[in-house]
Amino acid sequence: MSNRQANTEASKREADSKPESSDFIREIISKDLQQGMDEGKIVTRFPPEPNGYLHIGHAKSICLNFGISEENTGAVCHLRFDDTNPAKEETEYVDSIKEDVKWLGFEFGEKEFYASDYFDRLHEYAVQLIRDGKAFVCDLTKAEIAEYRGTPTVPGKNSPNRERSVEENLTLFDKMKNGEFADGEKTLRAKIDMSSPNMHMRDPAIYRIRKTLHHRTGDKWVIYPMYDFTHCLSDAIEGITHSLCTLEFEVHRPLYDWVLDHLSTPSRPRQIEFARLNLSYTALSKRKLLQLVENGDVSGWNDPRMPTLSGLRRRGYTPESIRKFCTQIGVTKFNSVTDLARLEHSLREDLNKSAHRVMAVLKPVKLILTNYPEDQVEEMEAVNNPEDPDAGTRLLPFSRELFIERDDFMEDPPKKFFRLAPGREVRLRYGYIIQCNAVVKNPDTGEIEELHCTYDPETKSGSGKPTRKVKGTIHWVSVQHSIPAEVRLYDRLFTKENPTDEKDGTVFTEHLNSDSLAILSKCRIEPSMKGALPGARFQFERIGYFCVDSIDSTPDQLVINRTVTLRDAWAKRKR
RNA sequence: AGUCCGGUGGUGUAAUGGUAGCACAAGGCCCUUUGGAGGCUUUAGUCAAGGUUCAAAUCCUUGCCGGACUACCA
């Protein structure tokens with residue numbers, strides 16, 4: 001026994017003293033460091049396209065990139081907006097992305113960059129490629145290019161314009177730049193290999209014409225560089241050492257390398273791919289999330305059911321819990337689906353330590369203590385957070401008429417029901433032991449309207465008197481002292497574990513959970529919640545973690561969101 | 001179909017030729033004035049078949065399964 005104890009103690013200590021969790025990317029980096037790469041100055045980057053809101057999947061990338069910069073002395077992580085497609089990108093998204101990264105707890109400071117800041121240099125690089133005979137202006141239409149490209153099994157055909165002279169290409173590219181052609185009329189293409197088994201190497205477009213206002217460069221440009229051309233060069237310009245991206249870019253890596261191999265750049269970054277995050281019962285693609293917003297399936301990008309960082313924030317998630325989650329799930333190269341329960345676990349773990357406990361009754365039923373003096377009010381001392389002695393205590397008003405949870409009473413209870421029932425005793429949390437004597441029902445509806453109980457004055461909480469044990473403890477609020485609130489119970493947005501798997505012929509919106517939101521408007525909360533600030537988080541004892549809604553709550557009408565339920569052994573038993 | 005990348009308990013991961021371990025989930029027990037928290041505990045895994053080796057999750061071969069790729073998106 002003592003031996004085993006010693007063992008677990010030892011292993012705990014070992015776990016504590018280990019650095020940060022490692023993964024194949026961090027191992028590559030520490031190897032590079034050992035070999036003296038860049039005098040130990042690691043530079044990573046988080047490169048969002050400002051065309052939507054960040055979600056929990058991006059958090060994985062943010063934690064990886066910024067995490068690595070925090071773990072290595074002298075290292076930095078850049079925030080770089082990949083804004084090369086003016087048709088889709090907006091300043092609104094830039095602002096939300098910056099806010100979300102900061103909220104997660106990461107500092108980019110001055111390292112805020114935009115691919116659009118490099119448009120001049122990128123243009124020069126393109127001209128250089130033309131001069132070197134490595135790029136040409138192509139007249140083919142979009143459809144023709146697709147046709148000429150072939151398929152993975154059939155090699156493509158060369159564009160008829162592939163052998164244009166350098167001079168002609170230069171002139172044509174200049175005319176593209178000067179707006180002399182319409183959108184789609186011409187493209188600049190890299191001259192690589194139309195028979196490559198890698199489709200991305202079949203003379204990919206690197207510049208296209210888009211006569212659209214750009215959110216930062218306005219009307220300065222009518223030609224815009226493509227991702228594959230932009231990303232590697234932006235990395236090289238910024239001195240990124242390790243360019244970390246998701247698995248779907250693996251096939252782009254030969255092109256990433258090709259561009260850098262054929263141009264003289266200030267540095268030579270390296271792309272490494274890892275698996276993106278998938279979460280059960282969740283959709284994680286900007287396109288699909290956009291669809292939910294536009295369909296009105298949710299109230300917006302920050303709907304508390306959305307997996308966006310703004311949604312999770314409004315729901316009551318803490319940045320710490322998300323960061324913890326991201327380090328716990330690890331980084332690998334294989335596709336996987338992470339159990340939503342994991343995210344919820346790290347949330348509860350964090351909130352359990354930090355959230356103040358409060359008594360709230362969501363579905364009230366009146367309970368009258370028939371032997372308690374009419375006008376008497378007692379102040380019961382309640383612990384704010386049993387996990388944190390420094391959180392102190394507060395006083396709860398206790399009186400003859402109380403509200404308790406409708407679910408905490410059953411007329412005809414099963415054996416393992418530890419709560420109130422006719423003739424049964426329970427303890428009122430921080431109060432007395434009571435016994436139920438009578439049930440008053442509405443004669444028309446049969447609905448329970450009042451429970452008449454008696455209390456035992458000898459059993460007051462904290463009185464130190466020896467008292468009998470009762471199996472159940474329930475929460476309550478005083479009718480006259482409690483304050484009203486609207487409580488919004490949120491649940492998972494989808495009923496299907498992998499809603500975006502559409503191989504079975506279904507569309508992800510078919511799996512929307514019709515019970516993902518339930519609004520309770522007659523809730524009663526203990527008076528200490530008066531004046532609670534938007535965003536404030538609490539644990540409602542025995543129910544779950546909640547927060548004051550940051551948008552809809554007002555001092556007069558509290559609106560409270562359920563962040564996550566408590567683990568519930570009783571609910572499990574019922575299943 | 002071709003190319004590339006991957007396959008470790010139900011789930012997420014570790015073991016870098018040398019004892020298959022951790023976490024989540026699920027079950028049980030203890031404790032408890034939150035059916036919370038905490039403590040203890042059980043179940044359960046190397047895709048398959050060959051080969052190399054004293055020794056294979058790890059290296060090799062073949063097969064099977066999964067993913068990515070066929071935007072002037074990123």
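Since the model is a prediction, treat every value here as computed from it, not as a measurement. Letters A, B, ... are given to chains in the order of the sequence lines, protein chains preceding strands, and every chain is numbered from 1.
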Review item, nucleotides 18-21 of chain B N/O atoms under 3.5 Å of protein N/O:
none

Among B:G35, B:A37, B:C73, which nucleotide has an atom closest to any side-chain atom of A:Lys88? B:C73
From B:G36, B:U70, B:U33, pick the nucleotide closest to the side chain of A:His200?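 That would be B:U70.
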Per the atom types in the model, does the base of B:G36 pair as donor or acceptor with the side chain of A:Arg348 at under 3.5 Å? no
Need one value for A:His475: base, sugar-phosphate or nothing, where a base atom within 4.0 Å counts as base even if backbone is also close, heavy atoms only.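 Nothing, no nucleic acid heavy atom in range.
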Which part of the nucleic acid, if any, lies within reach of A:Phe540 when heavy atoms closer than 4.0 Å are counted: base, sugar-phosphate only, or nothing? nothing
When the C1' atoms of B:U43 and B:C24 are considered, how many whole Å apart are they? 15 Å
Considering only heavy atoms, which members of residues 138-149 of chain A lie under 4.0 Å from some atom of RNA chain B?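 Heavy-atom contacts with RNA chain B come from A:Leu140, A:Thr141, A:Lys142, A:Ile145, A:Arg149.
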Taking only heavy atoms on the protein side, list every residue of residues 563-571 of chain A lying under 4.0 Å from any atom of RNA chain B, sorted numerically.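 Of all residues in residues 563-571 of chain A, the ones placing a heavy atom under 4.0 Å from RNA chain B are A:Leu566, A:Arg567, A:Asp568, A:Ala569, A:Trp570.
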Set out, line by line, the N/O atom pairs under 3.5 Å between protein and nucleotides 3-5 of chain B.
{"residue": "B:C5", "atom": "O2'", "partner": "A:Glu250", "partner atom": "OE2", "Å": "3.4"}

With no hydrogens and no angle check, do the side chains of A:Asp235 and A:Tyr256 hold a donor and an acceptor under 3.5 Å apart?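 Yes, A:Tyr256 and A:Asp235 have a side-chain donor paired with an acceptor closer than 3.5 Å.
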Do you see a donor-acceptor pair shorter than 3.5 Å between the side chains of A:Tyr118 and A:Glu238?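 Note: A:Tyr118 and A:Glu238 side chains meet the donor-acceptor criterion.
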Protein heavy-atom contacts under 4.0 Å, written 5' to 3' over nucleotides 7-12 of chain B as B (base), S (sugar-phosphate only) or - (none), form the string S---SS
For [X] and [N], give me the distance from atom [atom1] to atom [atom2], rounded to whole Å.
{"X": "A:Asp183", "N": "B:C73", "atom1": "CG", "atom2": "P", "value": "10 Å"}
{"X": "A:Leu340", "N": "B:A26", "atom1": "CG", "atom2": "P", "value": "13 Å"}
{"X": "A:Arg276", "N": "B:G66", "atom1": "CZ", "atom2": "C1'", "value": "16 Å"}

Convert the base pairs of RNA chain B into dot-bracket notation, remembering that pairs crossing earlier ones are written with [ ] and that bases paired across to another strand are shown as |; include only Watson-Crick or G-U pairs under 3.5 Å. .((((((..((((....[..)))).(((((.......)))))....(((((..]....))))))))))).....
